[in-house]
Asker: 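Input: one structure, supplied below.
These numbers come from a predicted model, not from an experiment. Chain naming here is simple, since letters A, B, ... match the order of the sequence lines and numbering starts at 1 in each.
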Amino acid sequence: MQFDKNFNFKDKEKKWYQKWEDNKIFKADENSEKEPYSILMPPPNVTGMLHFGHVLNHTLQDLFIRRMRMDGREVVWFPGMDHAGIATQTKVEQKLKEEGLSRHDLGREKFVAKVWDWKEEYGGIILEQLKRLGISCDWDRTLFTMDETASKAVEEMFIRLYDEGLIYKGKRIINWSPLAQTALSDEEVEFKEVHEKLYTMKYYFKGTDSYLKVATVRPETIFGDIAVAVNPNDIRYKKLIGQKVIVPLVGREVEIIGDDYADPEFGTGCVKITPAHDPNDFEIGKRHNLESINTINPDGSMNELAGKYAGLDRFEARKLVIKDLEESGLMEKIDDYTHNVGFSQRGGEPIEPYLSDQWFVNMKPLAEQALKVVQDGEIKFHPNHWVKTYEHWMNNIRDWCISRQLWWGHRIPVYYDENGNHTAARTEDEARTKLNLSSDAILKQDEDVLDTWFSSWLWPLTTMGWFDENGNENLDNPTMKKFSPTDLLVTGPDIIFFWVARMVMASKNVKDEIPFKNVYFTSLIRDGQGRKLSKSLGNSPDPLNVMDKYGADAVRFTILYLAPLGQDVRMEVDLEAQDIPSMEVGRNFANKLWNAGRFLNMKVEQFGETNEMPLESELSLSDKWIQSKLHETISKIDDCLNNFKVTEYSKTLYDFIWSDYCGWYIESLKIESYSNTDELNKKKLAFAINIFNEVLKLLHPVMPFITEELWHLLNKKAENESISTQQLIKSDDSVISKSVIYDFDKLMTLVETTRSLKSSTPSVSAEQRLKLGITSNEKITQLIEDNLNLLKELTKSTEIILNNTSEGISVKGVTNFAEINLYVGEVVDVEQEKERLSGEIKRLEGQVFGINKKLSNASFVDNAPASVVEMERKKLSDMSEKIEQLKESLISFS
RNA sequence: GGGCGAUUAGCUCAGUUGGUUCAGAGCAUCUGCCUUACAAGCAGAGGGUCGGGAGUUCGAGUCUCUCAUCGCCCACCA
C-alpha cells in the first residue's frame with residue numbers, strides 16, 4: 001500500500017466495503033456479553049431509488065451504529081425492504097400494458113407471480129445503492145415485508161385484532177383512488193388548495209316557476225342527489241322543509257330536509273345531499289334514512305345512472321353537465337371558488353369519496369397505550385416538539401382503513417360462507433370451525449389485500465423473528481431478548497402517523513413493550529428555492545452521481561454538517577451538472593485530512609518508525625496542548641452525540657482537525673522538528689500519529705472509507721483488520737490542562753496580532769522577516785522565552801526582543817496582555833499608521849465609555865454578582881492601559 | 001379554523017442555564033502569498049442596531065407578550 005497524492009475514493013470505497021463484508025464486521029451476535037445497541041432501518045420501497053432523504057437518513061443511522069460499535073457495544077442494524085403495494089403493482093401493470101395486457105388478463109395468481117419475478121429482477125436496487133454510502137447493516141438479517149415470517153405475522157395480527165373486535169368491516173365513504181382503483185387511508189390523502197368554480201343551480205318546485213338556489217362545486221354529482229338540506233333555524237327556508245324540488249337535468253323529485261349541517265351563512269343556505277359521494281352528505285343521509293345512489297364507477301367514470309353522461313370521466317361529465325344546465329336555463333350563476341381538494345399522495349390524482357365495504361381497525365384502544373409511553377417519556381422524540389403533533393393525532397385518531405383492492409400484498413385472512421357470514425382464520429378448516437360449519441362447507445376468501453403499512457407497523461416484531469421459518473411464534477427468541485427494544489429509530493416526520501405511531505401501537509399490543517427508546521426525526525432536504533428535493537419535481541440530482549464526484553465520505557460528512565436537528569436543510573442544486581456544489585465542504589475536508597496523513601507519512605519516511613513515546617519531559621507545549629484539545633474534543637463529541645446534535649459533532653471534529661491539528665499543531669511540529677534530534681523526532685512523530693489515530697476513530701462513523709484507508713496506511717495494518725472494531729478512548733479530564741491551553745492560547749494571540757500588524761502595513765509582506773519586540777508581564781515573558789523559537793518562526797521574525805526597549809521605527813499592536821512592536825524600518829507610511837492607531841483608540845474608547853456607564857450605575861454594582869462587576873473593572877483597566885500604550889505610540893509619530 | 005417551527009453578515013446556518021473571549025462559523029467578496037502535507041491550500045480584511053414593537057431585569061440574540069413575514073402538519077361548509 002502506498003500514499004497517493006489524492007484519496008482515490010472510487011477504488012477504495014469499493015475495496016473497503018468488500019473487506020468489511022468479507023470480514024463480517026457488521027455481523028451481530030445475540031449471544032454476546034456486550035451491551036446491545038440496535039436500530040431498525042426504515043424499510044425502503046422495493047421500487048425505490050436512492051434519493052437525498054435516504055442519504056441523510058442512513059448516514060445518521062450509520063453514524064450511531066459505527067460509533068456504538070467502536071464504543072464497545074454489540075451492535076445490530078436490521079435492514080429490509082417494503083413490498084409497497086400500490087407502487088409495485090402499478091409498476092408491473094404498466095409493464096403489462098406495454099404488452100397490451102391487463103392484470104385481469106393474467107388472473108390473480110399469475111399476476112402475483114409476475115410481481116415476484118419483477119421483484120427478483122429489479123427489486124432491491126435501493127439496497128445496493130445504499131451500500132455505496134458505506135452503511136454497516138447486518139445484511140444477513142435483511143427482511144422483506146412479503147417474506148414468509150413477516151407474512152405470517154401480518155396474518156396473525158389481523159386475526160387477533162379481528163377476534164378482539166378491533167378489526168371490523170363497514171360500509172363507509174372512503175378515499176378512493178381512481179387511478180389505482182383501491183381504497184386509501186386518510187393518511188394517504190393530501191389536501192391542496194385549488195381554484196374552481198361554485199355553480200349555483202335551480203331546483204324548481206314542481207309545477208311552479210319558483211325554485212331553490214343550490215350551490216355545488218361538483219355539478220356532475222346531481223345524479224346522486226337524494227335531498228336538499230336547509231338549516232331548520234333558517235327563517236328563509238324553515239317552512240319549506242318537507243316540500244319537494246326537482247333535481248335539474250335529472251328530473252327526480254327530492255325532499256327538502258332540515259339539518260344543522262346546512263350553514264345559512266354559506267352560499268344560498270341550501271345544500272344538495274349526495275350521500276354516496278360526500279362524507280358529510282353520507283352522515284346526513286344516515287341521520288335522515290336516505291338512500292345512497294352511487295353514480296360513479298371505480299375508474300372515475302360516470303355509471304349508467306348518469307344517463308347520457310354514462311361512461312364519461314367525472315370531469316368530462318362535469319363540463320357537459322354545466323353546458324346543459326346553462327343551455328336549459330337551470331344554472332343560476334357561476335362564481336370563483338377556492339377550496340381544498342384531496343389528492344392521492346401516490347398517484348397525484350383527485351381522490352373520489354366513495355361508498356364501499358372496507359375493513360377498518362378501531363384505533364382508539366390502541367392509541368391510548370401508545371400515547372402514554374410517549375407522554376411518560378419512555379419513548380423520547382428528538383426534537384421533542386414532535387410530541388405535540390403525536391399527541392394531537394392520537395387524541396383525534398380515526399379508524400384506519402386497511403383493505404386495498406389490489407392483488408399485490410397480504411391477502412386478508414377472512415373467509416365467508418354462502419350466507420355471507422365471515423371470520424378471520426389461519427386456514428379454511430379453522431374458519432369452518434369458527435363459523436360452526438361442516439367440514440365440506442364451501443368458503444370464499446376475501447379478495448382484498450392489506451394496506452402496506454399493516455405489515456410495516458409490525459417491523460420491530462418481524463425483523464426480530466416474532467415468527468420463525470416454521471411459522472411458530474417466539475417472542476422470547478434470543479434476538480428479541482438481546483436487542484429489543486431498539487435504541488434508536490431514524491425517520492422523517494412525514495411518516496410519524498403512517499409508521500412511527502402505529503409501530504408503537506403494535507408493539508404495545510403484541511408484546512406490551514415499546515419498540516424503540518428514541519426517535520430521531522430527520523430534516524427535509526430542500527433546494528435553493530426551498531422546495532423539497534423530490535422525484536416528481538425533478539429537482540434532485542442522483543446521489544450516486546454526486547457520490548461519484550465527491551466521494552461517499554464527503555457526501556456523508558457534508559450532509560451531517562449541514563443538517564441541524566429539527567430544521568430543514570437547504571442546498572443549492574445544479575441539475576444540469578447533477579451536482580450539489582456545497583458538497584465541496586466535505587470534499588475539501590477529506591482532502592485536508594488526507595494531506596495531514598500524507599504529511600505524517602512523509603515524516604515517518606524521514607525519521608523512521610517507533611512504538612516508543614516521548615517522555616513527559618520531552619513533550620513541548622504544543623504537544624501537551626494538542627493532547628488537551630483532543631480530550632476536550634472527545635468530551636464535547638460525547639455530549640453532542642448523547643443529545644443527537646450531529647451537526648455540532650461534525651463541526652467540532654472539523655474545527656479540531658482543520659484548525660487545531662493541522663493549523664497549529666502540525667505547523668508547530670514542523671518548526672520544532674528542525675531543532676530536535678532525529679531520535680526525539682521519531683518519538684514525537686509516533687506521538688503525533690497516536691493523536692491522529694484517535695482523530696480517525698472519532699471521524700470514522702461519519703467518514704468510514706478515508707479513515708479506514710489512512711489508519712491502514714499509517715499503522716501498516718493487515719487488510720483483515722479494521723478501524724471499525726477499534727475501541728474509542730474515553731475523555732480523560734486529567735489529561736486536559738487548563739494552563740497549557742491558556743498558555744498556548746496566548747502564543748496564538750501573539751502570532752495572530754503580529755500577522756495582522758504585518759498585513760496592515762502595506763510596505764511589509766507576510767514573509768518578510770522583521771524584528772519583533774514584545775513587552776508583557778513576567779509570566780508571559782517567561783512563556784515566550786520558553787517558546788522563543790516557535791514564536792519566532794510562526795511570526796516570521798528575525799529576532800524577538802523581550803521587555804522591549806529597542807529604538808527604531810515600529811508599528812504597534814496591543815493585546816490585553818502584551819504590547820507588540822513590529823520594526824518595519826524606514827518605509828512605514830506615517831499618516832496611515834497614525835490613522836490606524838487613532839481608529840483603534842477610538843474603538844477602545846467607545847468600549848470604555850460603555851463600561852464606565854455600567855460601573856457608574858449603582859443598581860448594576862449593587863445587584864450584579866461581584867464576579868461580574870469585578871470582570872467589568874478588569875476589562876476597564878485592561879482597556880485603559882491599552883489606550884495609553886496606543887496613545888504613546890501615536891505621539892511618537894507626531 | 002387549530003397546532004408546530006423559523007426569522008442573526010450578501011448566502012447557508014451556530015449561538016446550551018440571561019453576564020468575560022457574544023455578536024460567531026462556513027461559503028461568497030476584497031488584499032497578499034504556488035511557504036517542500038494540502039491553491040480542494042495559507043495569511044489577512046471588510047460586512048449584522050440578532051424581523052418590528054412592548055415588557056421583565058442592574059443587564060436580553062437568549063425570558064414574556066404582541067405584530068409581521070415564511071414554511072410545515074392537522075381539520076375540511078356545499
Side-chain angles (χ1 to χ4, degrees), chain A residues 3 5-6 186 191 198-200 214-218 221 228-229 261-263 265-274 278-281 337 339-342 383 385-389 391-393 396 493-494 496-497 524 526 528 530 532 550 554 561-562 564 566-572 581-582 584-603 639 643 645 647-648 651 654-655 658 662-663 666-667 670 745 749 751-752 755-760 762 765-767 796 816 854 857-865 867-872 874-875 878:
Chain A
F3 246 103
K5 182 142 188 349
N6 294 300
D186 294 334
F191 283 89
L198 185 64
Y199 305 92
T200 306
V214 178
T216 182
V217 283
R218 302 199 58 191
T221 62
V228 171
Y261 169 76
D263 178 0
E265 304 291 317
F266 188 89
T268 60
C270 304
V271 54
K272 69 191 208 59
I273 302 302
T274 319
D278 183 284
N280 290 308
D281 292 8
Y337 188 59
H339 69 146
N340 289 324
V341 173
H385 65 77
W386 288 107
V387 169
K388 289 205 173 166
T389 307
E391 278 175 348
H392 182 261
W393 192 68
N396 296 282
D494 49 333
I496 185 168
F497 309 135
L524 238 46
R526 298 178 178 281
K532 179 180 169 179
Y550 298 98
Y561 188 82
L562 294 178
Q567 242 188 255
D568 291 350
V569 192
R570 268 183 187 231
M571 290 191 294
E572 212 58 55
S582 47
E584 284 180 7
V585 174
R587 183 198 57 182
N588 294 356
F589 182 50
N591 184 250
K592 190 74 181 175
L593 187 75
W594 182 255
N595 278 297
R598 273 180 67 207
F599 170 80
L600 293 172
N601 182 254
M602 191 190 83
K603 287 292 174 188
D639 184 61
N643 294 296
K645 295 187 208 163
T647 301
E648 209 176 318
K651 279 186 172 42
Y654 183 94
D655 290 343
W658 201 297
C662 294
I666 285 187
E667 291 309 314
K670 274 184 199 168
D745 190 58
T749 304
V751 171
E752 282 164 347
R755 284 172 178 170
S756 176
L757 271 180
K758 261 192 181 172
S759 114
S760 62
S765 76
E767 296 71 42
K796 296 220 187 300
N816 55 15
K854 233 179 185 179
N857 180 349
S859 56
F860 171 72
V861 180
D862 292 346
N863 292 313
S867 61
V868 173
V869 177
E870 191 42 47
M871 203 76 70
E872 291 298 320
K874 171 104 170 45
K875 239 160 81 179
D878 280 354

Asker: Taking any heavy-atom pair under 4.0 Å as a contact, classify E870(A): base, sugar-phosphate, or nothing.
Answerer: nothing

Asker: Kindly write out the residues that satisfy ring-ring contact (aromatic ring centres under 6.0 Å, His included) with H392(A), not counting sequence neighbours, or none if the list is empty.
Answerer: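 In terms of ring-ring contact (aromatic ring centres under 6.0 Å, His included), with neighbours along the sequence ignored, H392(A) is linked to no residue.
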
Asker: Could you tell me the separation between the CG atom of N396(A) and the C1' atom of G3(B), rounded to a whole number of Å?
Answerer: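 Result: 11 Å.
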
Asker: Can you list the residues that meet the side chain to side chain contact (heavy atoms under 4.5 Å, CB included) rule with K651(A), with sequence neighbours excluded?
Answerer: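 Partners of K651(A) under the side chain to side chain contact (heavy atoms under 4.5 Å, CB included) test: Y561(A), T647(A).
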
Asker: For R598(A) and N595(A), which I'm curious about, is there any donor-acceptor pair between the side chains at under 3.5 Å?
Answerer: yes

Asker: Going by ring-ring contact (aromatic ring centres under 6.0 Å, His included), name the residues that satisfy it together with Y199(A), two or more places apart in sequence or in a different chain.
Answerer: none

Asker: Hey, does M602(A) reach any base, or is it just sugar-phosphate, or nothing, if we go heavy atoms under 4.0 Å?
Answerer: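 Touches sugar-phosphate only.
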
Asker: Are OP1 or OP2 of C33(B) and a side-chain N or O of K796(A) less than 4.0 angstrom apart?
Answerer: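 No, no such contact exists.
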
Asker: List in chain and number order the residues that pass salt bridge (Lys or Arg N to Asp or Glu O under 4.0 Å) with E584(A), two or more places apart in sequence or in another chain; answer none if no residue qualifies.
Answerer: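 E584(A) satisfies salt bridge (Lys or Arg N to Asp or Glu O under 4.0 Å) with no residue once adjacent residues are dropped.
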
Asker: Name the nucleic acid region contacted by K670(A), choosing base, sugar-phosphate or nothing; use a 4.0 angstrom heavy-atom cut-off, strictly under.
Answerer: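 Base contact.
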
Asker: So which nucleotide from A78(B), C38(B), G19(B) ends up closest to the side chain of A262(A)?
Answerer: A78(B)

Asker: So which one's nearest nucleotide on RNA chain B is more toward 5', A215(A) or N6(A)?
Answerer: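 Closer to the 5' end of RNA chain B: N6(A).
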
Asker: With sequence neighbours excluded, what pairs up with W594(A) under the ring-ring contact (aromatic ring centres under 6.0 Å, His included) test?
Answerer: F3(A), F7(A)

Asker: Quick one: closest heavy-atom pair of K758(A) and A766(A), and the distance?
Answerer: NZ-O, 3.4 Å

Asker: Reading 5' to 3' and counting Watson-Crick or G-U wobble pairs with both distances under 3.5 Å, write the dot-bracket notation for RNA chain B, | for bases paired outside the strand.
Answerer: (((((((..((((.....[....)))).(((((.......))))).....(((((..]....))))))))))))....

Asker: What does L198(A) touch in the nucleic acid at a heavy-atom separation under 4.0 angstrom: a base, only the sugar-phosphate, or nothing?
Answerer: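 Answer is nothing: L198(A) stays at 4.0 Å or more from every strand.
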
Asker: Take atom CZ of F266(A) and atom P of A78(B), then tell me their distance rounded to the nearest Å.
Answerer: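 Whole-Å distance recorded here is 5 Å.
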
Asker: Base, sugar-phosphate or nothing for Y337(A)? Non-hydrogen atoms, less than 4.0 Å.
Answerer: sugar-phosphate

Asker: Quick test: give all pairs of protein nitrogen or oxygen and nucleotides 24-29 of chain B nitrogen or oxygen below 3.5 Å, distance rounded to 0.1 Å.
Answerer:
none

Asker: Between the protein and nucleotides 43-45 of chain B, which nitrogen or oxygen pairs come in under 3.5 angstrom?
Answerer:
unit_1 : atom_1 : unit_2  : atom_2 : d
G44(B) : O2'    : S759(A) : OG     : 2.3
A45(B) : OP1    : S756(A) : OG     : 3.3

Asker: Between N or O atoms, less than 3.5 Å apart, protein on one side and nucleotides 54-65 of chain B on the other: list the pairs.
Answerer:
unit_1 : atom_1 : unit_2  : atom_2 : d
C58(B) : O4'    : S859(A) : O      : 3.3
C58(B) : O4'    : S859(A) : OG     : 3.4
C58(B) : O2'    : N857(A) : ND2    : 3.4

Asker: Compare side-chain N and O positions of W386(A) against OP1 and OP2 of G3(B) and report whether any pair is under 4.0 Å apart.
Answerer: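 Looking at the OP1 and OP2 atoms of G3(B), neither is under 4.0 Å from any side-chain N or O of W386(A).
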
Asker: Using side-chain contact (heavy atoms from CB on, under 4.5 Å), reason through L593(A) and W658(A) one step at a time and then give a plain yes or no.
Answerer: CA-CA 8 Å; L593(A) 187 75; W658(A) 201 297; over 6 Å; no

Asker: Expressed in angstrom and rounded to an integer, what is the separation of I666(A) atom CD1 from A37(B) atom C1'?
Answerer: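 Result: 7 Å.
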
Asker: Tell me, please, which residues at least two apart from D655(A) pass salt bridge (Lys or Arg N to Asp or Glu O under 4.0 Å).
Answerer: none

Asker: Show me the protein contacts with nucleotides 74-76 of chain B, counting only N or O atoms at under 3.5 Å.
Answerer:
unit_1 : atom_1 : unit_2  : atom_2 : d
A75(B) : OP1    : R398(A) : NH2    : 3.4
C76(B) : OP1    : R398(A) : NH1    : 2.8
C76(B) : N3     : N340(A) : ND2    : 2.9

Asker: E667(A): which residues meet the salt bridge (Lys or Arg N to Asp or Glu O under 4.0 Å) condition with it, sequence neighbours left out?
Answerer: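 Salt bridge (Lys or Arg N to Asp or Glu O under 4.0 Å) list for E667(A), sorted by chain: K670(A).
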
Asker: How is K388(A) classified with respect to the nucleic acid when contacts are heavy atoms under 4.0 Å: base, sugar-phosphate, or nothing?
Answerer: sugar-phosphate

Asker: Once you apply a heavy-atom cut-off of 4.0 Å, does T216(A) come out as touching a base, just sugar-phosphate, or nothing?
Answerer: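 Here T216(A) touches the backbone only, sparing every base.
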
Asker: So what does G269(A) touch, heavy atoms closer than 4.0 Å: a base, only the sugar-phosphate, or nothing?
Answerer: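 Since a base atom lies under 4.0 Å of G269(A), the category is base.
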
